[in-house]
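Worksheet: the structure to be examined is printed underneath.
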Protein chains: 2
Amino acid sequence: MARERKFTTRELFHAVKHLLLEHGYDAFHFGLMAERLEVSRASLYKYYKNKDELITALMNDEMDAFLVELAAVEQIEGFEAQYDRLVDLFFQKKDVLPLIQIARHMMQRMEADSQQQRQQLEQLPLAMYETLQRLIAQGKQAGVLKAHLPDSVMLGLLFQTIAVPNHYNIPHAEWVAAMKEVLGQGMFTAR
Amino acid sequence: MARERKFTTRELFHAVKHLLLEHGYDAFHFGLMAERLEVSRASLYKYYKNKDELITALMNDEMDAFLVELAAVEQIEGFEAQYDRLVDLFFQKKDVLPLIQIARHMMQRMEADSQQQRQQLEQLPLAMYETLQRLIAQGKQAGVLKAHLPDSVMLGLLFQTIAVPNHYNIPHAEWVAAMKEVLGQGMFTAR
DNA sequence: GTTTAAAGTGACACAAGTGTTACTTTGGTC
DNA sequence: GACCAAAGTAACACTTGTGTCACTTTAAAC
């Protein structure tokens with residue numbers, strides 16, 4: 001019914017995500033987006049009022065995609081296999097943690113202006129935590145995970161694991177295996 | 001020989017550190033500093049050419065202080081006691097990790113302009129890594145730490161541990177104990 | 001081929017931070 | 001009390017990003 005768009009929503013999200021990860025929340029701006037998508041800055045304002053709204057949309061999109069993958073993990077039979085797949089998934093989706101941190105940073109920098117977005121952002125990780133806590137509960141039930149450890153310690157550690165920088169470029173498989181071992185059995189020798 | 005200063009170097013570093021942690025690298029600026037120290041913005045330029053130079057000075061100061069504490073850990077007898085003190089130290093100095101991340105972010109955003117500062121920043125963590133790797137080596141020597149795990153995995157994980165957000169406000173002692181247990185013996189039950 | 005409405009744009013006024021300059025203030029020295 | 005040098009400042013020109021508006025372009029519908 002009208003003119004053809006110069007970029008798809010998918011291309012737009014792809015651009016936001018990469019520019020955001022490259023430059024960080026504060027240094028990210030509409031000028032970068034316009035350049036990347038080869039459109040004028042003004043045209044972007046037709047779709048999003050400001051960068052917070054744009055980024056919030058991206059976060060929703062990313063979280064939806066992540067939840068789909070998480071649901072697949074939950075379908076796996078047996079906790080050990082689930083755990084294995086979960087860690088692999090986290091390493092495969094390394095971007096999730098920085099994006100979550102950006103979302104937190106963003107909420108800090110938002111005053112009373114747009115409480116609607118704030119609420120939307122706050123609710124974002126809830127569904128994810130629910131699923132993850134269900135998985136942890138299963139692990140404890142199965143007697144695999146130590147029952148006395150708080151869920152949040154295990155989940156938090158699992159999450160931060162993917163943020164450890166591999167400065168020495170240890171091969172990915174070896175790196176992940178080492179991480180799985182430490183999380184599961186620790187760094188100490190059995191004595 | 002001249003007029004009295006309105007702030008000490010210590011007050012200045014204290015202000016930089018807190019403003020930096022509160023606002024992040026990009027949102028931190030001389031205006032905030034001036035306001036906090038109750039001086040004019042222009043006067044700060046008498047001491048530091050720009051915010052990168054100011055922040056670099058802070059980083060040096062912080063790292064020096066941290067190295068002193070690390071050296072104390074190295075004096076402790078027996079690896080278990082060293083490990084215990086090290087983890088406590090990390091939790092006590094929670095600010096170190098965000099500051100290091102800010103330093104990394106800063107280096108990314110610096111082009112060829114000031115290579116001198118870049119080099120200074122790059123060398124900052126080296127002495128720290130040296131000490132830490134010496135500690136790890138002692139642990140492996142003593143047969144406490146698994147010899148086949150890469151040092152960087154253990155160190156990296158140790159570092160990230162302090163960044164895990166304690167959303168549910170689990171009491172500090174319990175939280176730290178749980179972290180120590182996972183790092184040492186893992187999340188899995190012994191079978 | 002005219003109409004219509006969404007897609008896109010250049011240009012403007014505004015806001016906030018930067019770095020420098022010419023200047024004033026202050027307190028010790030002679 | 002004159003002077004001097006360090007400490008401090010207001011003000012200016014500049015840069016970069018924001019959000020909006022009046023306008024043009026384009027393709028489908030009729």
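Protein chains get the first letters and strands the later ones, always in sequence-line order, with residue 1 at the start of each.
- Taking atom CG of residue Leu37(A) and atom C1' of nucleotide dA7(C), one finds them 14 Å apart after rounding to whole Å.
- If you take NE2 of His23(B) and C1' of dA16(C), they are 15 Å apart, rounded to a whole angstrom.
- The salt bridge (Lys or Arg N to Asp or Glu O under 4.0 Å) search around Glu174(B) returns none, not counting sequence neighbours.
- Within the 4.0 Å cut-off from OP1 or OP2 of dA10(D), not a single side-chain nitrogen or oxygen of Ser40(B) is found.
- Using a 4.5 Å cut-off between side-chain heavy atoms of Ile, Leu, Val, Met, Phe, Trp and Tyr, with links allowed through other members, Ile76(B) and Leu67(B) fall into different hydrophobic clusters.
- Rounded to whole Å, atom P of dG17(C) lies 17 Å from atom CG of Asp52(B).
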* To do: For ring-ring contact (aromatic ring centres under 6.0 Å, His included), just list the numbers for Phe28(A) and His23(A), CA-CA rounded to whole Å, side-chain angles, deciding distance to a tenth of an Å, and then say yes or no.
  => CA-CA 6 Å; Phe28(A) 171 83; His23(A) 298 271; 8.0 Å; no
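- One end of the helix from dG1(C)-dC30(D) to dC30(C)-dG1(D) points its axis 10° away from the other end's axis, with each axis taken from 5 pairs and the angle rounded to 10°.
- Listed by chain and residue number, nothing satisfies the salt bridge (Lys or Arg N to Asp or Glu O under 4.0 Å) test with Lys51(A) (two or more places apart in sequence, or in another chain).
- The CZ-P distance, from Arg5(B) to dG27(C), rounds to 15 Å in whole Å.
- Lys49(A) places its NZ atom 12 Å from the C1' atom of dG19(D), with the value rounded to the nearest Å.
- Crowding of Gln92(A) atom CD: a count of heavy atoms from other residues, nucleotides or ligands under 6.0 Å exceeding 12.
- Within residues 6-21 of chain A, no residue has any heavy atom under 4.0 Å from DNA chain D.
- Atom CD of Glu122(B) has more than 12 neighbouring heavy atoms from other residues, nucleotides or ligands inside a 6.0 Å radius.
- Judged by atom type and distance alone, Lys46(A) reaches the base of dG8(C) through a side-chain donor-acceptor pair under 3.5 Å.
- We find that Glu62(B) and Lys93(B) are not joined by a salt bridge, their nearest charged nitrogen and carboxylate oxygen being 4.0 Å or further apart.
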* **Tyr83(B) vs Phe188(A), ring-ring contact (aromatic ring centres under 6.0 Å, His included): CA-CA, chis, key distance, verdict** => CA-CA 11 Å; Tyr83(B) 168 78; Phe188(A) 289 0; 4.9 Å; yes
* Nucleotide by nucleotide, 5' to 3', does protein get under 4.0 Å of the base (B), only the sugar-phosphate (S), or neither (-) in nucleotides 11-18 of chain D, counting heavy atoms? -> ------SB
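- Checked against side-chain contact (heavy atoms from CB on, under 4.5 Å), Glu130(B) has the following partners two or more places apart in sequence or in another chain: Arg134(B).
- In this structure, Asp61(B) and Arg10(B) have side chains that are in contact, with non-hydrogen atoms separated by less than 4.5 Å.
- One finds no salt bridge joining Asp52(B) and Arg109(B) here, because no Lys/Arg side-chain nitrogen approaches an Asp/Glu carboxylate oxygen to under 4.0 Å.
- Going from atom CD of Glu35(B) over to atom C1' of dA16(C) covers 14 Å, rounded to whole Å.
- Going from atom CG of Asp26(B) over to atom P of dT18(C) covers 11 Å, rounded to whole Å.
- Looking at heavy-atom distances under 4.0 Å, Tyr47(B) makes contact with sugar-phosphate atoms alone, never a base.
- Side-chain atoms of Arg3(B) and base atoms of dA7(D) include a donor and an acceptor less than 3.5 Å apart.
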